[in-house]
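Take a look at the structure below.
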Amino acid sequence: VLLGLKRHYKKRCQGRMRKHVGDLCLQAGMLQDSLVHYHMSVELLRSVNDFLWLGAALEGLCSASVIYHYPGGTGGKTGARRLQGSSLPAEAANRHRPGAQEVLIDPGALTTNGINPDTSTEIGRAKNCLSPEDIIDKYKEAISYYSKYKNAGVIELEACVKAVRVLAIQKRSMEASEFLQNAVYINLRQLSEEEKIQRYSILSELYELIGFHRKSAFFKRVAAMQCVAPSIAEPGWRACYKLLLETLPGYSLSLDPKDFNKGTHRGWAAVQMRLLHELVYASRRMGNPALSVRHLSFLLQTMLDFLSDQEKKDVTQSLENYTSKCPGTMELLTLPDGLTLPPVPFTKLPIVKHVKLLSLPTSLRPQKMKSLLGQNVSAKSPFIYSPIIAHNRGEEKNKKIDFQWVQGDVCEVQLMVYNPMPFELRVENMGLLTSGVEFEALPAALSLPAESGLYPVTLVGVPQTTGTITVNGYRTTVFGVFSDCLLDNLLGIKTSGSTVEVIPALPRLQISTSLPRSAHSLQPSSGDEISTNVSVQLYNGETQQLIITLENIGMEPLETLEVTSKILSTKEKLYGDFLSWKLEETLAQFPLQPGKVATLAISIKAKLDFSCQENLLQDLSDDGISVSGFPLSSPFRQVVRPRVESRPATVSEGSKAGDLSHLKTLEAVLNFKYSGGPGHVEGYYRNLSLGLHVEVEPSVFFTRVSTLPATSTRQCHLLLDVFNSTEHELTVSARRNEELILHAGECQRMAIQVDKFNFESVPESPGEKGQFASPKQLEEERLEARGLEINSKLDIHWRIPSLKRSGEASVEGLLNQLVLEHLQLAPLQWDVLVDGQLCDCDAAAACPVGDPVRLEVRLTNRSPRSVGPFALTVVPFQDHQNGVRNYDLQDTVSFVGSSTFYLEAVQPSGQSACLGALLFLYTGDFFLHIRFQEGSRSKELPPSWFCLPSVHVRALDAQA
């Protein structure tokens, strides 16, 4: 027994000695010798079950093999492994398979007798180093032996670390993780806090080395928490914060918010939020509130979708508490170690879904004056159309918006925003971010209800210079954090363009009128918006002055002004000028400086059709209105037919004379085209529209019209039946006629003596458009021109004394062809002169008894054809004013010569005359009837062409 114990002790001592010698050889760089000694030590110690030293010998064998295979070391991620083609000892290329034992002979090391004199070299070559796979197996074996001893935890941990570094070089990550997992559970003696931090940091580095990033981050965070353990008197918050920052990549977390706009979320949001909370807390304990605000803002911006409603409230409340002491800014935060934290704009508070640049209101929208070449023709090209030019314009159009903003005018951008928070969100100092033009953003404050859905927000500003302005984004202040949100960084945003041209400043015109605003909003067919609508109620034929006040409320002088009017589509026939004005007096006050006022008078004349149809008159009578002056069954109705072209009036049952069904509506638009300042130099102007709504109430109606001949062939009587359709007493007057008083609903006849008209002097063609007009249109225009001439001579006016309102009444549109013929001068004009005095009226021509009286008959041919010759016979007679005429005057009147006058043929526009003489033998009143002899008058000419005036001669004593 003692001998066995002695032999056992001897082998243990030899094995330990061999292991010690192997360590010394390894330290001395004698790699082959160390391998031999380690192999012999392993064999000796294994035989005596000296496990602690056996594990150490195996570890030494692994270390020597690692040095052989990886001469570059295992400290880095990329260990340099020994390759066959490298400059290494020759035995490396001929190394045997794992487990084989054969002696490798180096031919260069042999002597002539084949025996190497250096026995240590031979011994070193007798045992090969371990293969890469054997190294890991021996490490496992060594670690298993270490684990048998409670106090060998440190060397066991070191062996695990060494094995992991070798496996990292071999890229065997899963096996390395098993060694590390074993290292985690090794029970060491009582460690200090610094040693614990170091242990976890090393574990983190090793996990990082094998590519286990999240595991590495986990142990790095454990190390960070160990820095501020409660047992430490002075917690190291800066070290904790630094270690926490190093854990961010392992959890797929970046402190740049732009990285979270690149698709779906990466990483575990719950773990990331926990880590961000710890960063906030650590930075606060470090005494850096700006850092706390930045991390908390980042948490709210990037993790908003993963926060519960309660968490959103808690985070925002904490953020408001922090920002009350240190507001959040858009500046870069630089840490002492050089790390910079980018700003965190709140692009989700609120969420912007749509951005649209708004054009100026219609009244302020600038328009370009049309050049001679036209708007769409490039002055650089001689061609009317070029596809290249059109293509380039299309590309440019995609970049720029097709409207302009004006320097100095408030411009608007509409945003559709959404509040994702479960509570009311207050956004302060919300304004625009622009570039390219100096821009004054006018901040706005808004309050969005909880989960509001899409909510329109309009941001405004004033461009101070001209050029091309680009809207890059917007700025907000939410929870005390200032944010500059760029449109390029917003996800899912829709925009119709963000670049617009700013033109030079233009004046701003504001108009006010003397009329009340109208509730009727006009809608022109052109689609233009009307800024102001006014209304007025007039009687038919009434004229009212509209005073328009023009005020320059801009900052530029108002230099030019053009006023045009447009009557909107109406079924009513208008006579005369509906709107008229004189612009010269207003332009005399120009240029209109800012703040100055000018006035413009617009005359509104509502003159519609004054004719009345049978059905309207019947309705008025049925409603109980007295239609006096003539019975409804009067034969006079048969004289003048009702106008077929008149618009039928629809009167509902039970309606009265003043019912709305008799009201007629006229609508017109006044356009004010004005310019001035730098914008006028560049060829821009503005257009301001005023809508005019006129309700026309009936005043008087002409129910019937006819003519009666007058004593003169050049005159006639025009008979008008006038009906008062108002509810007030009304007077009607014409030129050289007395006023006719009409009570409400009364109809009376008025006779107006008028001179006949020579319609040949009226222009037949309305102008150039007459070349393309149809015969029917030409006839209608000819009738309108004749009616206008007749109406101007009649000068019919009405007046309502109780209302102090007056107007004119027009017969235009009432006169039919028959009446016009009666009012027209005959183409053949006959004149009779007695002693050179023209006789064409009731006045008698005086002549002495016993003296010859010269009688002359003249004919003026106004027709386009030749007429004549004619034979006229003069027949004197006396009218006893009782229906008896005495033609037997042979003893009273005698002719000097023949009683028959002859006229030669008269050419168009020609004139002819015949002379004769009479002798009155007695005093008295005589009449001369001049008639045509049978056969001397052309049958194809109408009888109205041969209307000769009656001649009244008064024969007096020569003494009288």
Side-chain angles (χ1 to χ4, degrees), residues 539-542 573 575-576 607-618 620-621 625-646 649 657 662 698-712 715-726 728-757 759 783-784 786-800 806-824:
Y539 283 102
N540 191 10
E542 186 178 4
K573 175 68 175 177
Y575 296 95
K607 193 162 71 168
L608 301 178
D609 197 354
F610 284 84
S611 64
C612 181
Q613 276 199 314
E614 298 265 356
N615 52 358
L616 178 59
L617 192 62
Q618 184 66 44
L620 296 174
S621 178
I625 298 176
S626 172
V627 186
S628 59
F630 68 94
L632 287 175
S633 58
S634 171
F636 182 66
R637 287 179 171 271
Q638 302 173 2
V639 176
V640 180
R641 299 182 179 88
R643 296 176 67 243
V644 178
E645 64 273 16
S646 299
H662 299 311
S699 53
V700 296
F701 284 126
F702 295 112
T703 59
R704 292 293 178 270
V705 57
S706 64
T707 57
L708 286 177
T711 55
S712 171
Q715 291 181 335
C716 71
H717 295 283
L718 183 66
L719 303 181
L720 298 172
D721 290 342
V722 188
F723 172 69
N724 178 12
S725 63
T726 68
H728 308 276
E729 186 180 272
L730 180 143
T731 63
V732 181
S733 62
R735 183 176 298 177
R736 300 189 303 271
N737 278 55
E738 295 182 357
E739 287 188 347
L740 182 66
I741 300 176
L742 296 175
H743 299 286
E746 184 181 5
C747 184
Q748 292 191 24
R749 178 170 295 174
M750 65 182 302
I752 306 174
Q753 182 175 339
V754 295
D755 296 332
K756 290 186 178 183
F757 300 89
F759 292 134
L783 290 176
E784 288 180 6
R786 295 178 178 181
L788 179 62
E789 182 183 5
I790 294 172
N791 189 69
S792 62
K793 295 291 183 63
L794 295 179
D795 194 21
I796 305 174
H797 286 76
W798 56 264
R799 185 170 57 88
I800 303 177
S806 61
E808 61 180 281
S810 173
V811 296
E812 298 177 60
L814 286 139
L815 307 175
N816 57 15
Q817 191 64 37
L818 180 61
V819 174
L820 289 175
E821 289 180 0
H822 291 169
L823 293 176
Q824 184 177 6

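Not measured: the values here are computed from a predicted model.
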Inset, instruction - Walk me through it: do I741 and E729 pass the test side-chain contact (heavy atoms from CB on, under 4.5 Å)? - result: CA-CA 7 Å; I741 300 176; E729 186 180 272; 3.8 Å; yes
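- One finds the CG atom of L720 at 8.0 Å from the OG atom of S706 (value rounded to the nearest 0.5 Å).
- Considering CD1 of I796 and CD1 of I752, their distance stands at 4.0 Å, rounded to 0.5 Å.
- In this structure, A744 and T726 approach most closely via the heavy-atom pair CB-O, 3.5 Å.
- Among residues two or more places apart in sequence or in another chain, the side chain to side chain donor-acceptor pair (under 3.5 Å) test is passed with H728 by none.
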Inset, instruction - Evaluate the side-chain contact (heavy atoms from CB on, under 4.5 Å) criterion for residues F702 and V722: first the C-alpha distance (whole Å), next the side-chain angles of each, then the deciding distance (0.1 Å), finally the verdict. - result: CA-CA 5 Å; F702 295 112; V722 188; 3.7 Å; yes
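- In terms of heavy-atom proximity, H743 sits nearest to N724 at O-ND2, 3.0 Å.
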Inset, instruction - Start with the C-alpha distance between V811 and V705, add both sets of side-chain angles, then the distance that settles side-chain contact (heavy atoms from CB on, under 4.5 Å), and finish with yes or no. - result: CA-CA 9 Å; V811 296; V705 57; over 6 Å; no
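- Expressed to the nearest 0.5 Å, how far CD of E746 lies from CG of L740 amounts to 7.5 Å.
- Interatomic distance, CG of L608 versus OG of S810, reported as 10.5 Å (0.5 Å rounding).
- The salt bridge (Lys or Arg N to Asp or Glu O under 4.0 Å) search around E808 returns K605, K607, not counting sequence neighbours.
- Note on ring orientation: taking the six-membered ring where Trp is involved, the planes of W798 and Y539 are perpendicular (angle over 60°, cut-offs 30° and 60°).
- Among residues two or more places apart in sequence or in another chain, the side-chain contact (heavy atoms from CB on, under 4.5 Å) test is passed with S733 by E739, H797.
- Here the shortest heavy-atom pairing between S725 and S699 reads OG-O, 3.0 Å.
- We find the CG-SG distance between D721 and C747 to be 5.0 Å, quoted to the nearest 0.5 Å.
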